Structure formats: structure tokens, C-alpha cells
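Let me begin by presenting the structure, written as C-alpha cells, before commenting on it.
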Amino acid sequence: MARNGIKLGTALLRGLSRKCPSCGEACAFRGYLKVVDTCPRCDTPLSLYPTDDGPAYLTMLMVGHLVIAPAFMLGIIDLYSPSELAIAGVISMGVLTLALLPIVKGVFLGLLWYLGLKHAR
Ligand SMILES: [Zn+2]
């Protein structure tokens, strides 16, 4: 299955690089997380695709698994005091969340565009 001749993997990779999932050439974002209203290259109405809270939930799930699980598995929990772990956890999870969120939102946008799930006008 493909949409406009574009496969799902291509749409997701374009979203991963924060590009328009339809043409893959123009940036789909204005700033850190704001999706542009329409793609300046192909006029796809990108703001109609409701990414909403999905990217935030997925990012939190990923960060939890990337930080907390290794801390338990590698025994880091036993090496430091609770206050040191709290500070390191807040910093590492904060940085990782801020880094992953725009990328995950781009992938979500690519998926929603591919599936044609958008707000009704
Ligand atoms: Zn475009």
C-alpha cells in the first residue's frame, strides 16, 4: 500500500527528518514543535493532521525505557545515593525528552499523513 506513490517507510523517514511527508523537501515545522499550516513546496495542509499528545506519550515511554531500565539492569541504582540518582535522572531524562520529542512528532506527522487521518474541515 502506498499513498500518492509514497510508501509508509518513506513517509516515516521524511517525518523523522522533520520534512514534509508528502514531498520530503520542505521543513514541516516552524520552530521546535509547531507544524506549518501548509507545506511551502507542495501545499499539503500539514496542520490538519492532529499529532496532539501522541508524540509526548511515546516520547515519555521511550525515555523511561532508555533511562530507567538500563539504570536497573546495569546496577547503577546501587552505586549512588537517591539524591544523586534523582538529579542525574531529571537531567538525563529532560535532555533526552527534549531531543526526542520533535523527532517523534515528525514521525507521527508522517504516519498520520500516510494514513490520511486528519481533522475534518
Ligand atoms: Zn511538501
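Being a predicted model, the structure only gives us computed values, none of them experimental. Position 1 is the first residue of the sequence, and the numbers go up from there. All ligand and atom numbering here is 1-based and tracks the order in the structure. Hydrogens, waters and symmetry mates play no part in the numbers below; they use all other heavy atoms, side chains included.
R41 is linked by a salt bridge (Lys or Arg N to Asp or Glu O under 4.0 Å) to E25, counting only residues two or more places apart in sequence or in another chain. Checked against side-chain contact (heavy atoms from CB on, under 4.5 Å), L74 has the following partners two or more places apart in sequence or in another chain: P70, I76.
Using a 4.5 Å cut-off on side-chain heavy atoms (C-beta onward), T38 and S47 make no contact.
Residue pairs meeting the salt bridge (Lys or Arg N to Asp or Glu O under 4.0 Å) criterion with at least one member in residues 42-56, sequence neighbours excluded, do not occur.
Side chain of R14 to main chain of G110: no donor-acceptor pair is present (N/O by atom type, distance under 3.5 Å, no hydrogens or angles).
The set of protein atoms (N, O or S) found at less than 2.8 Å from the Zn ion (ligand 1) reads C20 SG, C23 SG, C39 SG, C42 SG, by chain and number.
Each of F108, F29, Y49 was evaluated against V35; a single residue qualifies, F29, per the side chain to side chain contact (heavy atoms under 4.5 Å, CB included) test.
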